[in-house]
**Q** 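I have a structure here, written as structure tokens, and I will follow up with some questions on it.
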2 protein chains.
Amino acid sequence: MPTKELLCEENCIHTELLAKSKQNIPDDDTLITLSDLFKVLGDMTRVKILSALLKNELCVCDLSEIIGMGQSAVSHQLRVLRASKIVKFRRDGKSIFYSIDDDHVRQLFEIALSHIREES
Amino acid sequence: MPTKELLCEENCIHTELLAKSKQNIPDDDTLITLSDLFKVLGDMTRVKILSALLKNELCVCDLSEIIGMGQSAVSHQLRVLRASKIVKFRRDGKSIFYSIDDDHVRQLFEIALSHIREES
DNA sequence: TAAACAGATGAATAAGTGTTCATATGTTTA
DNA sequence: TAAACATATGAACACTTATTCATCTGTTTA
């Protein structure tokens, strides 16, 4: 049985490496915004919606059909994507057309796909 | 009160747009792997760990210190990062050093940061 | 070899998230 | 203006996920 705390002691810390790394860490606000953005992309339904929208704009009803999910579910997810400024929308008659509001999304998808494909 | 189902009728579907978009959607396996990758990046603790590791390798104890969390929590998160092939590790004496196993991570971070900064 | 230590891991709990159902909003058209 | 329609939204529920605690594994060193 251990006689001391199980927490890391100071003797295991590599001070120089640690100092360098510490400089590289963004402030908490940035970290939160960054992880929130990835969180939004980290859902299959939303990835599917975005994949569809990368080609051209679509209305909620189209999206509902294309991803095989109820209108409400799609609408809820579009709300999340809207909040992250990833998609924008315009009204045309009764329909509301959604489209990608940011070319970064395309780039993120491409790089992520590269990562996936490199693994055996 | 409506006399019919509330589900989208076929008349609201934009057939041509839909057909084009459908081609652009990857198969389900790819969609799952893609969203899983983003899901791994969609957590502040893991983003913090990766930010630190982008500079140089660090042991679990260093990471625990740098992100201000217990050793167990860090270890659990490293497990997730390992599973996604995002980090690798090597043993050196009693310490285990973790480092980034994929330059795509750096690119993903940079693009995501661009997206964030463009918004007012 | 026994103690000390770095790290991993299972179980438990608390917090977060996605889908569905029911209903509300706002536009169009008869 | 009333019905029909496209979309939005609140509440509820099931499911997932992150952290903590306790314990275990494996390496080093005295």
Side-chain angles (χ1 to χ4, degrees), chain A residues 1-14 18 31-32 35-36 38-49 57-65 67-84 87-98, chain B residues 1-14 18 31-32 35-36 38-49 57-65 67-84 87-98:
Chain A
M1 53 191 94
T3 54
K4 260 190 166 184
E5 286 285 331
L6 279 173
L7 296 173
C8 285
E9 308 294 324
E10 296 210 352
N11 44 339
C12 90
I13 288 182
H14 307 85
L18 211 149
L31 286 171
I32 290 171
S35 57
D36 280 353
F38 286 126
K39 203 174 287 177
V40 169
L41 300 176
D43 175 82
M44 193 194 170
T45 301
R46 290 192 290 265
V47 166
K48 214 166 175 178
I49 289 174
E57 63 175 9
L58 291 169
C59 75
V60 180
C61 189
D62 295 331
L63 285 167
S64 180
E65 215 280 332
I67 71 172
M69 265 187 157
Q71 174 269 319
S72 179
V74 173
S75 201
H76 276 295
Q77 298 300 359
L78 286 170
R79 187 181 209 275
V80 174
L81 292 170
R82 244 159 43 211
S84 302
V87 300
K88 64 187 177 202
F89 61 97
R90 69 180 182 86
R91 178 151 227 144
D92 180 26
K94 275 182 285 188
S95 296
I96 294 184
F97 282 90
Y98 280 83
Chain B
M1 51 191 93
T3 54
K4 260 190 170 185
E5 286 285 332
L6 279 174
L7 296 173
C8 284
E9 309 293 325
E10 297 211 351
N11 45 339
C12 89
I13 288 182
H14 308 85
L18 210 150
L31 287 170
I32 290 171
S35 56
D36 279 353
F38 286 126
K39 202 173 288 177
V40 169
L41 299 176
D43 175 82
M44 193 194 170
T45 302
R46 289 191 290 264
V47 167
K48 216 166 173 178
I49 289 174
E57 64 176 8
L58 290 169
C59 74
V60 180
C61 188
D62 295 331
L63 287 166
S64 179
E65 214 281 331
I67 70 172
M69 266 187 158
Q71 174 268 319
S72 180
V74 173
S75 200
H76 276 296
Q77 297 300 358
L78 286 170
R79 188 180 210 276
V80 175
L81 292 169
R82 245 159 41 211
S84 301
V87 300
K88 64 185 178 210
F89 61 98
R90 69 178 182 87
R91 178 152 226 146
D92 180 26
K94 276 181 285 189
S95 296
I96 294 185
F97 283 89
Y98 279 85

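Order of the sequence lines sets the chain letters (A, B, ...), proteins ahead of strands, with each chain counted from 1.
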**Q** Once you round it to whole Å, what is the distance between P of C/dA3 and NZ of B/Lys94?
**A** 16 Å
**Q** Is there a donor on the side chain of A/Gln71 or the base of D/dA8 sitting less than 3.5 Å from an acceptor on the other?
**A** yes
**Q** C/dT9, OP1 or OP2 - any side-chain N/O from B/Arg79 closer than 4.0 Å?
**A** yes
**Q** Can you check whether A/Arg90 reaches A/Glu57 side chain to side chain, under 4.5 Å on heavy atoms?
**A** yes
**Q** Hey, what's the ring geometry for B/His14 with A/Phe97, parallel, tilted or perpendicular (30° and 60° as the breaks)?
**A** tilted
**Q** If you look at every strand shown and take non-hydrogen atoms under 4.0 Å, does B/Ser75 touch a base, only sugar-phosphate, or nothing?
**A** base
**Q** Closer than 4.0 Å, any side-chain N/O of A/Tyr98 to the OP1 or OP2 of D/dA8?
**A** yes
**Q** Using a cut-off of under 3.5 Å, enumerate the N/O to N/O pairs linking the protein to nucleotides 12-18 of chain D.
**A**
from: D/dA18; atom 1: OP1; to: B/Arg46; atom 2: NH1; distance (Å): 3.0
from: D/dA18; atom 1: OP1; to: B/Arg46; atom 2: NH2; distance (Å): 2.7

**Q** Side-chain N or O of B/Arg82 less than 4.0 angstrom from OP1 or OP2 on C/dA8?
**A** yes
**Q** Looking at D/dT7, does its base get a donor-acceptor pair with the side chain of A/His76 below 3.5 Å?
**A** no
**Q** Tell me, do A/Ile32 and A/Asp36 make a side-chain contact under 4.5 Å, heavy atoms counted?
**A** yes
**Q** Atom CG of A/Leu81 and atom P of C/dG18: how far apart are they, to the nearest Å?
**A** 10 Å
**Q** Any donor-acceptor pair under 3.5 Å between the side chain of B/Ser72 and the base of C/dT9?
**A** yes
**Q** Taking the side chain as every heavy atom from C-beta outward, state whether A/Val80 and A/Asp43 have any atom pair closer than 4.5 Å.
**A** no
**Q** For a 4.5 angstrom cut-off between non-hydrogen side-chain atoms, does B/Leu78 reach B/Leu63?
**A** yes
